[in-house]
Trainee: 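A single structure is presented below for examination.
Note that the structure is a prediction, hence the values are computed from the model and not measured. Heavy atoms only: backbone and side chains are in, while hydrogens, waters and symmetry mates are out. Indexing begins at 1, ligand by ligand and atom by atom, following the structure's order.
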Amino acid sequence: MNAPKEARSGLNQAIRNAMLIDGEWRQAESGETFAVFDPATGEEIARVPAGGAADIDAAVAAAGRAFAGGTWRAMMPAQRERLLLKLADLVEQHGDELARLETLNNGKLLAFSQGLEVGGSAQWLRYMAGWATKIEGSTLDVSVPFPPGTRYSAMTRRSPVGVVGAIVPWNFPLLMAVWKIAPALACGCTVVLKPAEETPLTALRLAELALEAGFPPGVLNVVTGDGVPGAALVAHPGVNKITFTGSTEVGRLIGARCGQDIRRVSLELGGKSPVIVLDDCDPAHAIQGAAGAIFLNQGQVCTAGSRLYVARRHYDQVVEGLGKVANATVLGSGLDPASQMGPLVSSRHRDKVMGLIGTGRSEGADIVAGGTALDRPGYFVRPTVVANAACKDLTLVREEVFGPVVVAMPFDDPEAVLAEANRSEYGLGASIWSNDLRAVQRLVDGLDAGTVWVNTHNIVDPNMPFGGYKASGVGREHGRSAIEAYTEIKSVCMAY
Ligand code: NAD
């Protein structure tokens with residue numbers, strides 16, 4: 001169960017025990033630190049500074065100087081592009097070390113750290129680097145008739161929004177940080193990043209690589225800690241925009257505070273994404289698709305397919321097949337190549353997931369696979385399948401579990417399943433499994449979800465906007481939407 005020694009070796013140099021403020025590695029003003037754990041064993045692997053309001057003050061001031069002082073904002077876009085490309089190269093060059101560090105700290109399978117976190121980070125950095133030189137406005141015809149004889153020429157320019165406070169969760173620590181940092185820096189903003197308290201290590205290593213790439217001091221700052229520095233960042237008058245990924249509960253607090261201060265804000269929040277298997281779908285394909293949709297990253301994915309609606313004629317077969325997949329899954333350290341599923345991120349999160357499974361049991365959920373935690377060190381929860389033919393209102397159907405728990409429900413009528421799929425406070429993702437073009441198109445039109453996948457699930461790309469309907473968030477990341485999110489539009493009107 002323990003990670004193979006060779007997979008962990010050599011990581012000590014990669015573990016930073018300080019935060020980056022104004023180009024310097026610093027301890028918290030308070031001198032306090034907190035422990036970071038390996039979720040596969042429960043062992044402490046590092047102590048990092050417990051940042052507080054004073055550290056946020058210092059980081060925001062540094063980011064403000066780097067922005068307003070002109071270092072970054074005034075830099076030629078092509079130079080910003082080159083630095084981001086250099087950082088992408090460094091992420092790739094140190095890919096093996098970053099991936100092992102991510103798995104050690106977060107628990108996910110090493111293959112996912114390599115492919116999704118490191119590979120994705122390099123891909124996003126390069127894509128956003130390209131945008132740095134392509135930010136544009138438009139020229140506008142205006143029809144102002146006075147004073148007589150005067151004509152006007154108008155245009156729009158996009159200027160960087162300023163100092164960005166970026167707060168990220170623990171499920172994809174490196175990638176989520178890059179999703180914020182890359183477009184913000186490409187646009188000419190400077191950043192104070194607050195990683196999740198469970199998983200600060202790859203963000204710190206990324207910041208170290210940014211220094212090596214040549215980013216000027218203060219352009220990227222990282223303050224480690226929990227919600228305390230997070231809240232201080234949100235409330236800081238020197239921050240022009242907050243970009244947050246995390247729970248809907250914390251998102252509401254952040255949205256309220258930013259509303260009060262009229263601070264720009266983007267929120268990427270929770271989800272309860274439906275997977276809809278139509279009548280024409282091959283059940284074997286559906287089983288594979290549904291398993292991937294929910295069990296990827298131990299279900300700790302905001303778009304995890306946690307509500308599975310299956311056309312009645314395939315329901316028993318799909319539930320049975322999914323149960324077999326769940327029961328056959330080998331749990332173990334993400335650093336062990338034999339593992340097929342790693343641990344959850346923390347003991348607190350494991351207890352939350354087990355608590356929700358317990359609530360499901362008491363409400364009559366029919367657990368056909370899993371439903372238990374492993375009785376050994378580490379925070380392992382078995383992949384869990386609930387066959388919920390009878391009660392539609394289980395807590396497990398309504399609330400985000402953020403773990404490897406799927407509730408399968410049969411349906412007879414595609415119109416009715418659309419209503420069921422939309423009967424959620426969330427609207428982040430959804431997938432449809434079918435080759436019936438007409439039925440698919442109707443569902444695509446009707447689903448309240450920021451992303452709808454067809455015959456796939458959880459696919460993201462830097463060119464594809466990502467975000468939520470309803471309580472899943474406000475705003476979109478990636479593509480042109482990201483550039484819009486980190487810039488202000490300025491109208492310029494010239495008389496001649
Ligand atoms: P969380 O909301 O508890 O924490 C997220 C971050 O916010 C952490 O860095 C945390 O320290 C910080 N934070 C906590 N309280 C704060 C406060 N009062 N003010 C400012 N910052 C504060 O979420 P989590 O448990 O780390 O992550 C899981 C959640 O994230 C799930 O709900 C999941 O769906 C969501 N998520 C959403 C997306 C998306 O793109 N929509 C992606 C990944 C995760």
Trainee: Side chain to side chain contact (heavy atoms under 4.5 Å, CB included) with I432: which of V277, V417, V452?
Mentor: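 That would be V452.
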Trainee: Would you find more than 12 non-hydrogen atoms of other residues, nucleotides or ligands less than 6.0 Å from Q27 atom CD?
Mentor: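 Counting other residues, nucleotides and ligands, CD of Q27 exceeds 12 neighbours.
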Trainee: Can you confirm whether Q340 is buried at CD, in the sense that more than 12 heavy atoms of other residues, nucleotides or ligands lie under 6.0 Å from that atom?
Mentor: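 More than 12 heavy atoms, drawn from other residues, nucleotides or ligands, come within 6.0 Å of this atom.
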Trainee: For ligand 1, which atoms sit closer than 4.0 Å to a heavy atom of C302?
Mentor: 34 (O), 36 (N), 37 (C), 38 (C), 39 (C), 40 (O), 41 (N), 42 (C), 43 (C), 44 (C)
Trainee: Does any part of the side chain of L344, heavy atoms only, come nearer than 4.5 Å to the side chain of P404, both counted from C-beta?
Mentor: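 Yes; the side chains approach each other to less than 4.5 Å.
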Trainee: Can you tell me if P195 contacts ligand 1 (heavy atom of the residue under 4.0 Å from the ligand)?
Mentor: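 Distance cut 4.0 Å: P195 passes for ligand 1.
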Trainee: Purely on distance, is any nitrogen or oxygen of E197 under 3.5 Å from one on ligand 1?
Mentor: yes
Trainee: Just to be sure I read this right, does ligand 1 sit under 4.0 Å from the backbone of D226, its side chain, both, or neither, counting only heavy atoms?
Mentor: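 Just the backbone.
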Trainee: Determine the interplanar angle of the F215 and W72 rings, folded into 0 to 90°, and report it as parallel if under 30°, tilted if 30 to 60°, perpendicular if over 60°.
Mentor: tilted
Trainee: Please enumerate all residues that pass salt bridge (Lys or Arg N to Asp or Glu O under 4.0 Å) together with E484, with sequence neighbours excluded.
Mentor: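 Per chain and number, E484 pairs via salt bridge (Lys or Arg N to Asp or Glu O under 4.0 Å) with no residue.
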Trainee: Taking only non-hydrogen atoms of F172, do any sit less than 4.0 angstrom from ligand 1?
Mentor: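 No heavy atom of F172 comes that close to ligand 1.
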Trainee: Students should be able to answer this: which protein heavy-atom is nearest to atom 16 (C) of ligand 1, and at what distance?
Mentor: V250 CG1, 3.4 Å
Trainee: Which atoms of ligand 1 sit under 4.0 Å from any heavy atom of L428?
Mentor: 41 (N)
Trainee: Going by the closest heavy atom to atom 14 (C) of ligand 1, which one wins out of G227, S472, A235, A304?
Mentor: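 Checking each option, the heavy atom nearest atom 14 (C) of ligand 1 is found in G227.
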Trainee: Which one holds for E400 and ligand 1: side chain close, backbone close, both close, or neither close, with close meaning a heavy atom under 4.0 Å?
Mentor: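 E400 to ligand 1: side-chain contact only, backbone stays beyond 4.0 Å.
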Trainee: State the atoms of ligand 1, each with its element, that fall below the 4.0 Å cut-off from a heavy-atom position in I167.
Mentor: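 Those of ligand 1 that fall under 4.0 Å from I167 are 6 (C), 7 (O), 9 (O), 12 (C), 20 (C), 21 (N).
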Trainee: Between R476, K241, K180, which is the residue that forms a side chain to side chain donor-acceptor pair (under 3.5 Å) with S266?
Mentor: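 Of the listed residues R476, K241, K180, the side chain to side chain donor-acceptor pair (under 3.5 Å) partner of S266 is K241.
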Trainee: Below 4.0 angstrom from a heavy atom of F466, which ligand 1 atoms are there? Numbered from 1 as shown, please.
Mentor: 40 (O)
Trainee: Return the residue, atom name and 0.1 Å-rounded distance of the protein heavy atom closest to atom 28 (C) of ligand 1.
Mentor: F402 CE2, 3.5 Å
Trainee: Taking N or O atoms only and a 3.5 Å limit, does V234 qualify as a polar contact for ligand 1?
Mentor: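 Between V234 and ligand 1 (N or O atoms, distance only) the closest approach is not under 3.5 Å.
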Trainee: Using a 4.0 Å cut-off to any heavy atom of T245, which atoms of ligand 1 qualify?
Mentor: 5 (C), 36 (N), 37 (C), 38 (C), 39 (C), 40 (O), 42 (C), 43 (C), 44 (C)
Trainee: So, for W179 and F172, is the gap between ring centers shorter than 6.0 Å?
Mentor: no
Trainee: Quick one: do R26 and D55 make a salt bridge, cutoff under 4.0 Å?
Mentor: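 Answer for the salt bridge query: no.
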Trainee: With a cut-off of 4.0 Å, which atoms of ligand 1 are near a heavy atom of G230?
Mentor: 19 (N), 20 (C), 21 (N)
Trainee: If you scan the protein for heavy atoms around atom 1 (P) of ligand 1, do you find one that is closer than 4.0 Å?
Mentor: yes
Trainee: Give me the residue, atom name and distance of the protein heavy atom closest to atom 3 (O) of ligand 1.
Mentor: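 Looking only at protein heavy atoms, the one closest to atom 3 (O) of ligand 1 is S247 OG, 3.9 Å.
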Trainee: Please list, in number order, the atoms of ligand 1 under 4.0 Å from a heavy atom of V168.
Mentor: 6 (C), 8 (C), 9 (O)
Trainee: Considering only protein heavy atoms, which is closest to atom 24 (P) of ligand 1, and at what distance to one decimal place?
Mentor: W170 NE1, 3.4 Å
Trainee: Less than 4.0 Å between a side-chain N and a carboxylate O, is that true for E425 and R398?
Mentor: no
Trainee: Run the numbers for me: atoms of ligand 1, each under 4.0 Å from some heavy atom of P169, listed by number.
Mentor: 26 (O), 27 (O), 43 (C), 44 (C)
Trainee: Give the residue and atom name of whichever protein heavy atom lies nearest to atom 35 (C) of ligand 1, and the separation in Å to one decimal.
Mentor: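 Checked against all protein heavy atoms, atom 35 (C) of ligand 1 sits closest to G246 O, 3.1 Å.
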Trainee: What closest approach, in Å, do A59 and N221 show between heavy atoms, and which atom pair accounts for it?
Mentor: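 Heavy atoms only, the tightest pair is O-ND2, 3.7 Å.
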Trainee: Taking distance alone, with no angle check, do E477 and ligand 1 share an N/O pair under 3.5 Å?
Mentor: no
Trainee: On the 0 to 90° scale, with breaks at 30° and 60°, tag the W453-H457 ring pair as parallel, tilted or perpendicular.
Mentor: tilted
Trainee: Tell me, yes or no, whether the heavy-atom count around R47 atom CZ, taken from other residues, nucleotides or ligands under 6.0 Å, exceeds 12.
Mentor: yes
Trainee: Would L269 count as being in polar contact with ligand 1, using the rule that some N or O on each side must be under 3.5 angstrom apart?
Mentor: yes
Trainee: Filter on salt bridge (Lys or Arg N to Asp or Glu O under 4.0 Å), then keep only pairs touching residues 291-310, sequence neighbours left out; what's left?
Mentor: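 Those involving residues 291-310 do not exist here.
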Trainee: Using a heavy-atom cut-off of under 4.0 Å, does the side chain or the backbone of N171 touch ligand 1, or both, or neither?
Mentor: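 Near ligand 1, N171 shows its side chain, while the N, CA, C and O stay back.
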